[in-house]
Amino acid sequence: MNFLSTIFNSDKIHLTHSQKNFIKETYEILSIFRKDINKIIKEKFKSAMLYSNNKFKNGKIFFEEIYKLRYPITYKKLTQLRKFKIFSLEIDINQTNIYSEKEISEIKNILTTL
Amino acid sequence: MSIRKTEFISKYYYGKEVVDLDEFIVSLADSCNLNCEYCYLKFSKTPKKPVVYENIEEFIKEIDELFKNSEEKIFYFHFGETTDSLLSKKHIQLLYKFCEVISERSKVYSKSCFIEVRTKTFNISQLTKYNFNFDNLKLIYTTSLSPQNIIDAFEKKTSTLEERISSLKQAQSITKLIGIRLEPIIIYPLVNIDYEGIKKSVLNTIKEYNEVLKKVFDVVDPKNLHSISLSTLRLTKKQFKVLKEKKSKLCFPEMTLCIDGKFRYSRPIRTTIYKELINFIKYHHTNLLEKIILSFEFKYIWQDCGLQIKTLPNLSINVE
């Protein structure tokens, strides 16, 4: 996990404490299933560093890439749900009164299919 | 003789916003030596070795209190939560004694009781040594069913899938009533960590569990089925942490922390699995739809799957 220290200590990206914990946990979980996960994470880090000269923007890009790596399905669904201002998949859409029937149908389709 | 110092009977609390199936846990024994990798017992304060409690006089007091203070007519008791119900001869002997008590007291208070025994053993023949034909009481034999590759990976000390299905077949002439428990449904193996890999893993899982259901339907008469329970894998934070450290393949990437503090597969995964299994069951036996429950799930997941919320006592109302 030494490569993570290199990433976390880089002056080219900024990551919060909780983001670092998330990235570390992602590495721990995904390494159970992929032996080359450190290589994948390093590639994403390299791409993020080249994004801009702004370490905050680079950090945001990198974190989003790791989030997508960890939760590919959730990431896709949340992206689709952004237009409805929905930020969690575990919501009871029937309890809200702000969406039309057509919107509710679309939201349910996003939430309940792969 | 082991003495239970806390209550034998407790109302099952499922967790924040989880649908309450309205059952009571009876802890006639604690702990289990089957050592399933995901079992919550390994992460709770239970004795290291299985213990059976014989201070039945305390149980009699508790059951009296429960029946006296409740207007409910139907009670559902689960004997397989804190241990495997048929783990040993002692467990079964005590089960019989507890059932005797429940039957007797339920006659006094005019209650109808359903007793769920749940096992991953192949000890069903031991049940035939006793006569479980009690008044006011019906025994429901259930077994947790998993594809054989899941059993080989995570339930190594338990009976095989073939044995469990055989036990369901036999149970129909012993207890009459049986239940199917696909719990926990585990996605394994993971094909790949990317979107397509996870999707393929989920579809493979559905196929495997459909095969299990088919094998069950080949030997079981639907009229003997009390209930079919579906529930995907849940892990507490502690379980998740420990399994991650052990590099267990139970730690699936797309697992998120839900409001009740447990990790579950993400919602699209869960609902896809449940809906496909429900469709498979409906395809084979349309009338079984009303007997399907989701265990440890939220109301919106039941609604996602087109299921009416129901409790275990609800399912027991029209049972003869």
Worksheet item: How about A:I37 and B:I193: do any of their side-chain heavy atoms sit closer than 4.5 Å?
Response: yes
Worksheet entry | Side chains of B:Q303 and A:I93 in contact at under 4.5 Å (non-hydrogen atoms) | no
Above 12 or not: heavy atoms from other molecules or residues under 6.0 Å from [atom1] of [X]?
X      : atom1 : value
B:K42  : NZ    : yes
A:F84  : CZ    : yes
B:D218 : CG    : yes
A:E101 : CD    : no
A:K39  : NZ    : no
A:K85  : NZ    : no
B:K299 : NZ    : no
A:E103 : CD    : yes

[X] portion near chain B, given a 4.5 angstrom heavy-atom threshold:
X     : answer
A:N94 : side chain
A:K77 : side chain
A:S31 : side chain

Discussion item. Which one wins on heavy-atom pair count under 4.5 Å against chain B: A:I40, A:L89, A:T26, A:T112?
Written reply: A:T112
Discussion item. With salt bridge (Lys or Arg N to Asp or Glu O under 4.0 Å) as the rule and sequence neighbours excluded, what pairs involving residues 46-67 of chain A come up?
Written reply: A:K44-A:E65
Discussion item. With rounding to the nearest 0.5 angstrom, report the CD1 to NZ distance, A:I29 to B:K247.
Written reply: 10.5 Å
Practice prompt. Calculate, to the nearest 0.5 Å, the distance between atoms NZ and CD1 belonging to B:K244 and A:I32 respectively.
Written response: 8.5 Å
Worksheet item: Within residues 68-76 of chain A, which positions have a heavy-atom distance to chain B below 4.5 Å?
Response: A:L69, A:R70, A:Y71, A:P72, A:I73, A:T74, A:K76
Worksheet, complete the sentence: Among residues 270-279 of chain B, residues within the sub-4.5 Å heavy-atom range of chain A, in order of number, are B:R270, B:T271, B:T272, B:K275
Worksheet item: If contact means a heavy atom pair closer than 4.5 Å, which residues of residues 194-207 of chain B contact chain A?
Response: B:D194, B:Y195, B:I198, B:K199, B:V202
Fill in: Partner chain A: residue of B:S248, B:C251, B:P253 with the largest heavy-atom pair count (under 4.5 Å)
B:P253
Discussion item. Heavy-atom cut-off 4.5 Å, strictly under: side chain, backbone, both or neither for B:I269 against chain A?
Written reply: both
Item to complete: Examine distances only and state if a side-chain atom of A:R34 and a backbone atom of B:N192 form a donor-acceptor pair shorter than 3.5 Å.
Response: no
